[in-house]
Engineer: 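Have a look at this one.
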Amino acid sequence: MPELPEVETVRRGLEPAMVGKTIKKVHLSRPDLRFPFPDHFARTLEGHKILSLTRRAKYLLAELDNQQILVMHLGMSGSFRIEDKPVGQFHHQRGKSPTHDHVIFILEGDKQIVYNDPRRFGFMLLIPQNDIAQHKLFRKIGIEPLGNSLDGPQLTTLFRAKKVNLKTALLDQTLICGLGNIYVCEALFKSGLSPKRKAATLNGRTILARERAERLAHSIREVLTQAVAAGGSSLRDHRQADGSLGYFQHHFQVYDREGEACPNKCGCKIKRIVQSGRSTFYCAHCQK
DNA sequence: AACACCCCCTGTCGGC
DNA sequence: TGCCGACAGGGGGTGT
C-alpha cells in the first residue's frame, strides 16, 4: 500500500497511540519478515518509552528512550492497526492470531499495535540513533518532495546526467524519495510530461525546458499534498491504523485506468505500458 | 557509477 | 467449478 502519503497517514494515525507510551511486551509470530528480526529485538524494545514517531521517505522511525531507533518499512502490503488489549487470562490465544499478524507491540495502558503484512516485503530494524544518517538504508536517500527545496531548478539538477526516462528517475529513491508507482503516474499526467521522456531533457536553457521542470516539481508536490490531505489511497480495502479508509484513490486520473477516457477529454484512452518492470498509465496525447 | 534484471511472498482476478 | 498465469502500493542484490 505505501507511498509517501500512505506512510505519512499511518504515522499520523499511530502517533497519538504510541508516542509517550512504554512498550511493555513485543510478540513476534515468526523470526523474520523480509529480513530476520535483529537479535534481541523484543528485549531491546521492552520496557522502553517511545519518544517520537517520524517519517523519512517511506520509513517510519520510532525514537526510543534508549538511543535506539525502531525503523519500520511497510513493503507492499504492510499495515498497522490499533487494538484494545484482549481481556482476561487468555492473553496469548494459541494459534488463533489472525492471518499475517506478525508483530504485536503491547503498550502501557489499554492499547496494542498490530503489524500485519501478507507478502512480508516489510521489515523492522533497530539502529542506534547516532548511526542512522550513515546507515546504508538512509545514506543515499534523496530529498523529501514535500520539504521546502523541491522546485524546477532542483529537479533539473537532479536529472541532468540521467539516461533513464522520467518514470524511472522519479521512482529512484536516491533522487527524490517517497514517490511510488501511483503518484509518479499521477504527477506525470498532471504535468503533461511523457513517462518515456528522457529525464535529462528537463535540463535545458530554453524557457520551455525550465517550464517543464517547474510543472513537474509543482505536480509532484500538489499530488502528494492532496493525497496526504485525503488520508492516502486505500487500495484493496486497505485501512488506516484507526480503521478508516483513505479516499485519494477516487482522485486517480490515470493510475489503474487503462482503457478509460483521458480525464482531459482529449478523446484518447489511457494507455498502460511497462517500464522497469512496472505498469505505467498515461495519456499518449496529453503527455509529451 | 549507472543501469537492467531478478527475486522475495501471498492473494486476487480474469480467461479458458 | 477449477486451474493457471499475470499482476499488485517496494526495493535489495547481483551482474554488466
Side-chain angles (χ1 to χ4, degrees), chain A residues 1-11 29-37 55-60 71-80 98-103 115-125 127 135-142 145 158-188 196 198-200 220 223-224 227-228 230-241 245-259 272-281:
Chain A
M1 98 201 234
E3 301 181 34
L4 185 155
E6 290 75 37
V7 178
E8 179 58 24
T9 298
V10 169
R11 191 198 68 76
S29 73
R30 48 181 299 132
D32 58 358
L33 293 171
R34 175 169 184 174
F35 308 122
F37 287 102
R55 179 191 59 75
R56 173 80 172 106
K58 300 171 189 173
Y59 294 89
L60 288 171
V71 175
M72 297 172 280
H73 195 287
L74 302 171
M76 290 280 265
S77 59
S79 65
F80 283 98
T99 315
H100 307 311
D101 283 353
H102 299 307
V103 184
Y115 178 71
N116 183 284
D117 189 353
R119 294 177 74 179
R120 303 201 305 276
F121 288 171
F123 55 89
M124 295 191 189
L125 298 175
I127 303 177
H135 192 276
K136 67 176 174 184
L137 287 181
F138 295 94
R139 199 172 39 209
K140 296 194 302 179
I141 285 189
L158 282 172
F159 289 180
R160 178 175 296 154
K162 294 291 155 192
K163 295 183 177 152
V164 293
N165 56 47
L166 275 178
K167 169 76 183 301
T168 305
L170 289 169
L171 282 176
D172 184 344
Q173 303 295 299
T174 71
L175 301 175
I176 301 167
C177 67
L179 290 167
N181 209 31
I182 293 176
Y183 298 107
V184 166
C185 290
E186 295 298 310
L188 285 170
K196 297 198 244 182
K198 296 294 173 208
I220 290 167
V223 72
L224 292 178
V228 169
S233 302
S234 295
L235 270 52
R236 294 170 255 292
D237 260 354
H238 189 275
R239 280 167 193 281
Q240 306 305 341
L245 290 164
Y247 53 93
F248 190 76
Q249 65 278 14
H250 304 302
H251 298 283
F252 292 167
Q253 304 284 290
V254 290
Y255 181 80
D256 206 19
R257 293 191 181 278
E258 181 184 14
R272 172 183 173 275
I273 59 173
V274 175
Q275 296 177 291
S276 308
R278 321 211 33 202
S279 290
T280 298
F281 301 89

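Labels below follow one simple rule: chain letters A, B, ... track the order of the sequence lines, proteins then strands, and each chain is numbered from 1. As the structure is a computational prediction, the values presented were derived from the model and not from experiment.
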Engineer: Is any side-chain nitrogen or oxygen of A/H73 closer than 4.0 Å to OP1 or OP2 of C/dG11?
Structural biologist: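 True: A/H73 side-chain N/O within range (under 4.0 Å) of C/dG11 OP1/OP2.
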Engineer: Please give, in whole Å, the distance from B/dC8 P to A/L74 CG?
Structural biologist: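 Those two atoms, CG and P, are 22 Å apart.
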Engineer: Return yes if the base of C/dA8 and the side-chain atoms of A/R278 contain a donor-acceptor N/O pair under 3.5 Å, otherwise no.
Structural biologist: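 Counting by modelled atom types and ignoring angles, no donor-acceptor contact under 3.5 Å is found here.
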Engineer: Quick one: stems involving DNA chain C, counted as three or more successive Watson-Crick or G-U pairs, both distances short of 3.5 Å.
Structural biologist: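 Consecutive-pair runs (3 or more) involving DNA chain C: B:2-8 with C:10-16, B:10-16 with C:2-8.
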Engineer: Using 0.5 Å steps for rounding, measure from the CE atom of A/M124 to the CG atom of A/L60.
Structural biologist: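 A/M124 atom CE to A/L60 atom CG measures 9.0 Å (nearest 0.5 Å).
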Engineer: Run the side chain to side chain contact (heavy atoms under 4.5 Å, CB included) test against A/Q253 and tell me which residues pass, sequence neighbours left out.
Structural biologist: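 For A/Q253, the residues satisfying side chain to side chain contact (heavy atoms under 4.5 Å, CB included) (neighbours in sequence not counted) are A/E186, A/F189, A/P263.
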Engineer: Considering residues at least two apart in sequence or located in another chain, which fulfil the side chain to side chain contact (heavy atoms under 4.5 Å, CB included) criterion with A/T9?
Structural biologist: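 Listed in chain order: A/Q240.
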Engineer: Using the C1' atom as the point on both nucleotides, what is the distance between B/dC3 and C/dG9, in whole Å?
Structural biologist: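 Each nucleotide's C1' atom is 23 Å from the other's.
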Engineer: State which residues pass ring-ring contact (aromatic ring centres under 6.0 Å, His included) with A/H251; sequence neighbours excluded, sorted by chain then number.
Structural biologist: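 Expected list: A/F248.
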Engineer: When only distance counts, do a donor and an acceptor, one from the side chain of A/R120 and one from the base of B/dC9, lie under 3.5 Å apart?
Structural biologist: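 Such a pair does not exist between side chain and base.
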Engineer: OH/A/Y115 to CE/A/M72 distance, rounded to the nearest 0.5 angstrom?
Structural biologist: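 Here the rounded value is 10.0 Å.
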Engineer: Between C/dA8 atom C1' and A/E258 atom CD, what is the distance in whole Å?
Structural biologist: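 Taking atom C1' of C/dA8 as the reference, CD of A/E258 is at 14 Å.
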Engineer: Calculate the interatomic distance between A/H100 atom NE2 and B/dC9 atom C1'; express it in whole Å.
Structural biologist: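 The answer, rounded to whole Å, is 9 Å.
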Engineer: When A/L74 is tested against each of A/D117, A/V10, A/N116 for side-chain contact (heavy atoms from CB on, under 4.5 Å), which residue passes?
Structural biologist: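 Looking at A/D117, A/V10, A/N116, the match for A/L74 under the side-chain contact (heavy atoms from CB on, under 4.5 Å) is A/V10.
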Engineer: For C/dG13 and B/dC9, measure between their P atoms and round to the nearest Å.
Structural biologist: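 It comes out at 15 Å once rounded to the nearest Å.
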Engineer: Measure from CG on A/D117 to P on B/dC8 and round the result to the nearest Å.
Structural biologist: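 About 16 Å, once rounded to whole Å.
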Engineer: In whole Å, I'd like the distance from the CZ atom of A/F159 to the C1' atom of B/dA2.
Structural biologist: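 Going from A/F159 (CZ) to B/dA2 (C1'), I get 15 Å.
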Engineer: Distances under 3.5 Å between protein N/O atoms and the N/O atoms of nucleotides 12-16 of chain C, please, pair by pair.
Structural biologist:
from: C/dG12; atom 1: OP1; to: A/Y59; atom 2: OH; distance (Å): 3.2
from: C/dG12; atom 1: O4'; to: A/R34; atom 2: NH2; distance (Å): 2.7

Engineer: Nearest to the side chain of A/K58, which nucleotide is it out of C/dG11, C/dG9, B/dT10?
Structural biologist: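 Minimum distance to the A/K58 side chain belongs to C/dG11.
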Engineer: Taking salt bridge (Lys or Arg N to Asp or Glu O under 4.0 Å) as the test, write out the residues that go with A/R56, two or more places apart.
Structural biologist: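 With neighbours one apart ignored, the set is A/E144.
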Engineer: So, does A/S233 get its side chain near the phosphate of C/dG9, meaning an N or O under 4.0 Å from OP1 or OP2?
Structural biologist: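 Checking C/dG9 against A/S233, no side-chain N or O comes under 4.0 Å of OP1 or OP2.
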Engineer: Please report the interatomic distance NZ(A/K167) to OG(A/S279), rounded to the nearest 0.5 Å.
Structural biologist: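 Reported to 0.5 Å precision, the distance equals 7.0 Å.
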Engineer: Could I get a table of every N or O pair under 3.5 Å where one atom is in the protein and the other is in nucleotides 13-16 of chain B?
Structural biologist:
none

Engineer: Can you measure from CD1 (A/I141) to NZ (A/K58) and round to the nearest 0.5 angstrom?
Structural biologist: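 Interatomic distance, A/I141 CD1 to A/K58 NZ, rounded to 0.5 Å: 10.0 Å.
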Engineer: Which ones in residues 160-176 of chain A lie close to DNA chain C, meaning a heavy atom under 4.0 Å from one of its atoms?
Structural biologist: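 Under 4.0 Å from DNA chain C: A/Q173.
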Engineer: In terms of the nearest nucleotide of DNA chain C, which residue is placed more toward the 5' end: A/R272 or A/F121?
Structural biologist: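 Of the two residues, A/R272 wins.
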Engineer: A/F123: what forms a ring-ring contact (aromatic ring centres under 6.0 Å, His included) with it, not counting sequence neighbours?
Structural biologist: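 Counting only residues at least two positions away or on another chain, A/F123 forms a ring-ring contact (aromatic ring centres under 6.0 Å, His included) with A/F35, A/H73.
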Engineer: In whole Å, what is the span from the CE atom of A/M72 to the P atom of C/dG10?
Structural biologist: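 Checked: the CE to P distance equals 18 Å.
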Engineer: Taking only residues two or more places apart in sequence or in another chain, which ones pass salt bridge (Lys or Arg N to Asp or Glu O under 4.0 Å) with A/R11?
Structural biologist: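 With neighbours one apart ignored, the set is A/E8, A/E15.
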Engineer: Rounded to the Å, how far apart are A/D256 CG and C/dA6 P?
Structural biologist: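 Roughly 18 Å, once rounded to whole Å.
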Engineer: To the side chain of A/P118, which of B/dG11, C/dC7, B/dC9 is closest?
Structural biologist: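 Nearest listed nucleotide: B/dG11.
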Engineer: Mind checking whether A/Y59 and A/F138 have ring centres under 6.0 Å apart?
Structural biologist: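 For A/Y59 and A/F138, the ring centres are under 6.0 Å apart.
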Engineer: Among C/dG10, B/dG11, C/dG9, which nucleotide has an atom closest to any side-chain atom of A/Y255?
Structural biologist: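 Comparing C/dG10, B/dG11, C/dG9 against the side chain of A/Y255, the answer is C/dG9.
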Engineer: Kindly write out the residues that satisfy side-chain hydrogen bond (donor to acceptor under 3.5 Å, both in side chains) with A/Q275, not counting sequence neighbours, or none if the list is empty.
Structural biologist: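 A/Q275 satisfies side-chain hydrogen bond (donor to acceptor under 3.5 Å, both in side chains) with A/T280 once adjacent residues are dropped.
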Engineer: Among residues at least two apart in sequence or on other chains, which ones pass salt bridge (Lys or Arg N to Asp or Glu O under 4.0 Å) with A/R139?
Structural biologist: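 If we apply the salt bridge (Lys or Arg N to Asp or Glu O under 4.0 Å) test to A/R139, skipping adjacent residues, there are no hits.
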Engineer: For the atom pair CZ (A/F281) and CD1 (A/I182), what is the distance rounded to the nearest 0.5 Å?
Structural biologist: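 Output value for this atom pair is 9.5 Å.
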Engineer: Rounded to the nearest angstrom, tell me the gap between atom CE in A/M76 and atom C1' in C/dG10.
Structural biologist: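 Checked: the CE to C1' distance equals 6 Å.
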